[in-house]
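For this chain, numbers begin at 1 and follow the sequence in order. Side chains are part of it too, since the values below use all heavy atoms of this structure and drop only hydrogens, waters and symmetry mates.
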Amino acid sequence: MNESDPGHGNSPAAWTAVIIMLLGFAIGTVAFFLDLAWLVVASAGLVVVGAIVGWILAKLGYGVGGSRVTSQAHH
């Protein structure tokens with residue numbers, strides 16, 4: 001990967017983080033609509049957890065260019 005190619009976050013760490021955060025946003029949206037304040041707050045916590053999980057996985061080598069990720073060429 002060259003310096004001008006940002007990698008677009010295509011890694012297990014990024015996908016895991018995004019999926020967790022999307023679930024948090026989806027749950028929070030429904031909870032807000034149903035006026036369940038405790039669940040809105042809990043879903044905001046889930047979004048934070050998703051970011052932390054992504055950061056931890058990236059540090060463990062599952063991020064873009066990580067030691068545990070196989071590089072795939074894009075055509």
Do any side-chain atoms of residues 50-63 form donor-acceptor pairs under 3.5 angstrom with protein atoms, and if so which ones, sequence neighbours left out?
{"unit_1": "Y62", "atom_1": "OH", "unit_2": "R68", "atom_2": "NH1", "d": "3.4"}

Contacts under 3.5 angstrom, residues 32-40 side chains, donor-acceptor by atom type, not counting sequence neighbours:
none

Problem - side-chain contact (heavy atoms from CB on, under 4.5 Å) evaluation trace for L46 with I20 - result: CA-CA 7 Å; L46 187 59; I20 292 171; 4.0 Å; yes

N/O donor to acceptor pairs below 3.5 angstrom from side-chain atoms of residues 22-31, sequence neighbours left out:
{"unit_1": "T29", "atom_1": "OG1", "unit_2": "F25", "atom_2": "O", "d": "2.8"}

